[in-house]
2 protein chains.
Amino acid sequence: MGGQLDEVRHGIMDTLGRITSFWGFSKIMGQLYGMLYLSAAPMTLDDMAASLEISKGNVSINIRALERWNMVRQVWVKGDRKDFYEAETDFWKIIRGVLKEREKKEFDQALAGIGRIRTKSEEILKKEKSVDTAFALDRLKKLEDFIKTMDQLVGVLLTLEDLKRNFLGIVKKK
Amino acid sequence: MGGQLDEVRHGIMDTLGRITSFWGFSKIMGQLYGMLYLSAAPMTLDDMAASLEISKGNVSINIRALERWNMVRQVWVKGDRKDFYEAETDFWKIIRGVLKEREKKEFDQALAGIGRIRTKSEEILKKEKSVDTAFALDRLKKLEDFIKTMDQLVGVLLTLEDLKRNFLGIVKKK
DNA sequence: CTGTTCGTTTAGAATTTTCTAAACAAACTA
DNA sequence: TAGTTTGTTTAGAAAATTCTAAACGAACAG
């Protein structure tokens with residue numbers, strides 16, 4: 001059956017594996033997602049393990065990661081005791097989630113880090129006059145400004161998306 | 001000397017190490033960059049190796065990576081035979097470069113990959129009618145559209161930046 | 001020439017990450 | 001109850017990455 005279609009499935013798994021790997025997730029996450037994304041029916045852990053030829057334990061941890069990022073959701077199939085999974089198909093939603101939970105957090109803590117360092121070097125400069133410290137402080141300020149801008153940019157993006165989403169929600173609420 | 005300032009240097013190296021690591025570069029690249037960024041004077045391979053307590057070979061390959069991404073440049077110091085390095089301080093320029101050479105390329109090849117797969121599945125569907133293939137094809141089209149949008153988005157960003165840069169260039173050309 | 005001083009390359013060590021097979025625990029079935 | 005069928009956890013194997021020390025070659029100095 002479907003030997004032709006299998007080529008297609010293999011292709012998408014390869015491409016999505018690359019993408020997730022590039023963006024700092026595991027390659028297998030992408031492969032699992034791709035597999036579910038092209039599947040008309042939800043799949044079980046065993047299905048996926050067999051299809052990717054990896055251990056069930058490996059599927060288990062990677063599918064839980066996908067769930068954590070809302071890229072996949074568990075669905076219940078009547079009469080079957082296994083867990084079934086299907087792909088979340090709203091890419092914008094996925095991206096917004098990742099932006100919110102991962103990227104924003106990273107920017108925030110980078111900002112906090114630089115802030116601490118800048119404060120520190122301001123204190124030093126107050127006590128002892130030093131050309132080197134003055135130079136470093138100047139650069140630190142510039143770096144902090146930059147990161148602050150990036151942080152705000154992400155923040156605005158997320159807020160805009162939230163507003164849009166809420167607005168649409170209200171409108172659709174018949 | 002400067003035991004206080006060293007704390008600051010250590011801090012920035014830590015923070016920038018995190019950042020580069022997060023964005024898929026090596027941690028040491030961030031540490032080297034941070035070190036040069038806060039240094040008033042350009043530094044040599046040996047300086048950096050000593051300061052980070054890593055081998056000179058390690059510094060060599062990582063500084064070359066930084067050079068490749070235009071995050072650092074080599075400067076010549078009169079009377080000294082060693083290579084000196086200093087940090088590029090224009091962050092926007094750095095980001096644009098990375099966007100252009102790494103992110104754009106990644107989007108392009110993801111797009112090409114999906115395109116190939118979609119074509120393939122269209123061919124299959126022409127020959128043999130299959131519900132599964134039709135389903136997969138539908139999803140592939142949606143994925144392709146999405147990636148195309150992202151790809152164009154990056155493209156527009158880069159074009160805008162180029163225009164802005166050229167415009168400013170003309171203006172400044174007194 | 002002969003020495004030295006550089007930066008780069010490389011072989012293998014050290015570390016980190018990823019994966020599997022087996023053990024396990026929870027939930028069902030008969 | 002005893003025996004399956006599940007998904008998860010885990011100890012250690014396997015693989016990939018990163019790092020170092022030493023070898024090397026080029027450029028220079030005496």
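In this text the structure is predicted, and so the values were computed from the model without any measurement. The sequence lines fix the lettering, A, B, ..., with proteins before strands; numbering per chain opens at 1.
In the helix from C:dT4-D:dA27 to C:dA30-D:dT1, the rotation axis of the first five pairs and that of the last five pairs differ in direction by 10°, rounded to 10 degrees.
Base orientation of D:dG3: anti, since the glycosidic angle falls outside 90° of 0.
Bracketed by its first and final contacts, the part of DNA chain D lying under 4.0 Å from non-hydrogen atoms of chain B reaches from D:dC19 to D:dC28 in 5' to 3' order.
Put simply, the side chain of B:Tyr33 never gets that close to the backbone of B:Leu66: no donor and acceptor are under 3.5 Å apart.
For the pair B:Arg81 and B:Tyr85, nearest-nucleotide mapping onto DNA chain C gives the more 5' position to B:Arg81.
Rounding to whole angstrom units, CG of residue B:Asp46 and P of C:dT8 are separated by 11 Å. A:Lys82 places its NZ atom 14 Å from the C1' atom of C:dC28, with the value rounded to the nearest Å. Between A:Lys27 atom NZ and C:dT18 atom P there is a gap of 11 Å when expressed in whole angstrom units.
Classification of A:Arg9 and A:Asp6 as a salt-bridged pair holds, one side-chain N sitting under 4.0 Å from a carboxylate O. The pair B:Lys141-B:Asp145 does not count as a salt bridge, with every side-chain nitrogen at least 4.0 angstrom from each carboxylate oxygen.
Relative orientation of the B:Phe25 and B:Trp69 rings is perpendicular, given thresholds of 30° and 60° on the angle between their planes. Ring-plane geometry between A:Phe91 and B:Phe146 is classed as tilted, the angle between the planes lying from 30 to 60 degrees on a 0 to 90 degree scale.
Minimum interatomic distance between A:Ala136 and B:Leu5 (heavy atoms only, all atoms of both residues): CB-CD1, 4.3 Å. Summarising the geometry of A:Ser39 relative to B:Arg139, their closest heavy-atom pair is O-NH1, 4.5 Å, with the distance given to 0.1 Å.
Taken residue by residue, residues 54-79 of chain A places heavy atoms nearer than 4.0 Å to DNA chain D at A:Lys56, A:Gly57, A:Ser60, A:Arg64.
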message: The test is salt bridge (Lys or Arg N to Asp or Glu O under 4.0 Å); show your working for B:Glu122 and B:Arg118 and say whether it passes.
response: CA-CA 6 Å; B:Glu122 274 169 347; B:Arg118 196 217 52 220; 3.5 Å; yes
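Side-chain atoms of B:Asp83 and B:Gln74 include a donor-acceptor pair closer than 3.5 Å. Between the side chains of A:Asp47 and A:Thr44, at least one donor-acceptor pair of N or O atoms lies under 3.5 Å.
B:Ile12 places none of its side-chain heavy atoms less than 4.5 Å from the side chain of B:Gln31.
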